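Before any comments, here is the structure.
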Number of protein chains: 2
Amino acid sequence: MDHTDGPRPRAVTIYDVAREAGVATSTASRALSNPGRVSERTRAHVVAVAERLGYVPNRIAQALPSGRTGLFALVIPDITNPHHVGLIRGAEAQAAAAGHSLVLADSQEDAAVELAHLRRLASFVDGFLLVSPRAPADELAALLHRHPAAVFNRPLAGLPGVVTDIDAASAQVVRHLAERGHRRIAYLRGPDTSWADGERHRTLAAHAAEHGLEFAATGHHPAVLDSGAPAAEAGLATGATALIAFNDLIAIGVLQHLERLGIDVPGRVAVVGADDVFGASFCHPPLTTVTSPAELAGRALVDLVTGTAPDDPVLPSELVVRGSTGPAR
Amino acid sequence: MDHTDGPRPRAVTIYDVAREAGVATSTASRALSNPGRVSERTRAHVVAVAERLGYVPNRIAQALPSGRTGLFALVIPDITNPHHVGLIRGAEAQAAAAGHSLVLADSQEDAAVELAHLRRLASFVDGFLLVSPRAPADELAALLHRHPAAVFNRPLAGLPGVVTDIDAASAQVVRHLAERGHRRIAYLRGPDTSWADGERHRTLAAHAAEHGLEFAATGHHPAVLDSGAPAAEAGLATGATALIAFNDLIAIGVLQHLERLGIDVPGRVAVVGADDVFGASFCHPPLTTVTSPAELAGRALVDLVTGTAPDDPVLPSELVVRGSTGPAR
DNA sequence: ATGAAAGCGCTAACAG
DNA sequence: CTGTTAGCGCTTTCAT
């Protein structure tokens, strides 16, 4: 049987409440959602009647005149990535605290899917939370013309947003590796549509130059565990003694591949990830990585889109040294 | 500035389209969403005008008469649990494929929060996807009276649902441990509001009896990593040589605690988890666990709530043997 | 402080 | 095949 078909048993409306309470619908409405503009006596009476009848306001009907649903769309490139889970969690918590809810949209790293989500959801939500959006800036701008939005990890003209302090993280990573005696390092790039990837590439190269280190880059690699093998091969081929992966997923995949190859980590090659996802602390060896302000970012996005500007649009990220880095061979 | 305040620039309505196309609104409506009930010529014309004006139907307005939003609420006890991520992913994918979207609701293992979500979202969604709901059955029933719902891992009278084949999984776990020579096993229980926990407890005890094994249980333990230490202590105190945790989160926490204690796994004690979450294959030692049909379950929930009954409400779960189990001391 | 009435944008009878 | 009209449930002027 199809539960979505057929008329649902009709619910108690505000008309029922008004009639039962012997007042006009407008009075009932005010008593319920605009107290203070009605006498205490009638307010209490209407509320009591509503309670007794089991009245629950129809939020679609509420939304039609106001245009506000209290729903926000959270658009994510890849739900599978554990990194994004922190973001979902932060956003959900902050939204719930403000009485809002999130509509989840997974764009599967596909710009077209992402844009389709924006179009589909536009008339339904009060705003968009865009996590590292992949679509071209002009197309995003066109679709978001009449909708508030906040963006994580991608500066977009005219849209508020927060970003990870990638430069600070890269500086710490490079300094750490230089101190451990590495002379040649390689960056295993992530998706080419990722702004964060470009930033990591740029800042790692710059800091490597400062320290007089040789720098190479490989990729782009998809941000998934399975990229580990090809990324590791490409990284090793550069002759680097330290491999810095775009994120922990790739880094853990790299560790697994190196283990299969019998290559000692960190003895022969060091590995660094990014995001400090669940699992990074107990993989083998435990992964040196940089933290991601994911949960913070999720909260900040909700704040931004609801009009509360955060103090600082640059969110902290810092190095966590674990077993996967060590002195160069 | 506050993006949510102030009137949004008003959008193109179907009236605009109808006027511009020189037809009645009903004709425009039919041309756009009920083709075949209008001449091909006017259809094409209206569509062209709509396109030119950049018309996008207002989904709230569409939803008001029909009562259908195409939104489904996914209610989860704990977003943090990586196990649930598979479920979210499966549900999102299946919903998206059918042109629906998901509203995310995290009840944080709290029955009151769960019920509050149902109340808040009821008038907004076409149905509920309940993942291991924690609230009392009668309260759930009362709130879901007029809303379709599908449930994962908790049989609820009158509601369609799917469950994991916990009995089969338990049978395999116990047989595996018996074959490895364990004579006394302990189950580290999960949340007391979890139906799955009760089932695992019951079936593990039954199969242990079949095999002539001694069986003990400890807990309830919250289903988080930090439960690992107390759960491990309680489990060891039972004198068991094999500890079966409610889920992988607890199991991995147990592994970490045993490592700190210098207790050899699986030499001195074996550890088994459940769900086969991300990380289970590369923790130390890799965790023997049972798979969870999470993604499948997510898809099945969407199918159920949209009226497509799945073939079998019992979803497969099977043992994956890794390094954390071995012969008893 | 309260009531009457209009309108949010769309769909679905009901006519023609 | 197309136009007219009512109505989904609620909020909000505008009167009183």
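Below, all heavy atoms of this structure are taken into account, side chains as well, without hydrogens, waters or symmetry copies. Since the structure is predicted, the reported quantities are computational estimates derived from the model, not experimental observations.
Following rounding to the nearest Å, Ile60(A) (CD1) and dC10(C) (C1') show an atom-to-atom distance of 13 Å. In this structure, Arg19(A) places its CZ atom 15 Å from P of dG3(C), rounding to the nearest Å. Rounded to a whole Å, the CG atom of Leu64(A) is 12 Å from the C1' atom of dG7(D).
In terms of phosphate contacts, Ser39(B) brings a side-chain nitrogen or oxygen within less than 4.0 Å of OP1 or OP2 of dT2(D).
Scored by the side-chain hydrogen bond (donor to acceptor under 3.5 Å, both in side chains) test, Ser132(A) finds no partners at all (sequence neighbours excluded). Residues forming a side-chain hydrogen bond (donor to acceptor under 3.5 Å, both in side chains) with Asp197(B) (at least two apart in sequence, or on another chain): Tyr187(B), Arg189(B), His220(B).
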Counting primed atoms, P, OP1 and OP2 as sugar-phosphate and everything else as base, the B/S/- map of nucleotides 10-16 of chain D against protein heavy atoms under 4.0 Å is BBBB---
List, one per line, each side-chain donor-acceptor pair under 3.5 Å for residues 24-36 of chain B, sequence neighbours excluded.
{"residue": "Ser26(B)", "atom": "OG", "partner": "Arg30(B)", "partner atom": "NH2", "Å": "3.4"}
{"residue": "Ser33(B)", "atom": "OG", "partner": "Ser29(B)", "partner atom": "O", "Å": "2.9"}

Would you be so kind as to tabulate the donor-acceptor pairs closer than 3.5 Å made by side chains of residues 152-162 of chain A, with sequence neighbours excluded?
{"residue": "Asn153(A)", "atom": "OD1", "partner": "Thr164(A)", "partner atom": "N", "Å": "2.8"}
{"residue": "Asn153(A)", "atom": "OD1", "partner": "Thr164(A)", "partner atom": "OG1", "Å": "3.3"}
{"residue": "Asn153(A)", "atom": "ND2", "partner": "Thr164(A)", "partner atom": "OG1", "Å": "3.3"}
{"residue": "Arg154(A)", "atom": "NH1", "partner": "Pro133(A)", "partner atom": "O", "Å": "2.6"}
{"residue": "Arg154(A)", "atom": "NH1", "partner": "Ala135(A)", "partner atom": "O", "Å": "2.8"}
{"residue": "Arg154(A)", "atom": "NH2", "partner": "Ala135(A)", "partner atom": "O", "Å": "2.9"}

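Ion pairing of Glu40(A) with Arg43(A) is present here, as a side-chain N (NZ or NE/NH1/NH2) and a carboxylate O approach within less than 4.0 Å.
Note on residues 16-52 of chain A: no pairs pass ring pair (Phe, Tyr, Trp, His ring centres under 6.0 Å), not counting sequence neighbours. Note on residues 100-121 of chain A: pairs passing ring pair (Phe, Tyr, Trp, His ring centres under 6.0 Å), not counting sequence neighbours, are Phe72(A)-His100(A). For the salt bridge (charged side-chain N to carboxylate O under 4.0 Å, His left out) condition, the pairs that include at least one residue of residues 50-63 of chain A, sequence neighbours left out, are Glu20(A)-Arg52(A).
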Read 5' to 3' with Watson-Crick or G-U pairs under 3.5 Å, [ ] for crossing pairs and | for partners on another strand, DNA chain D gives ||||||||||||||||
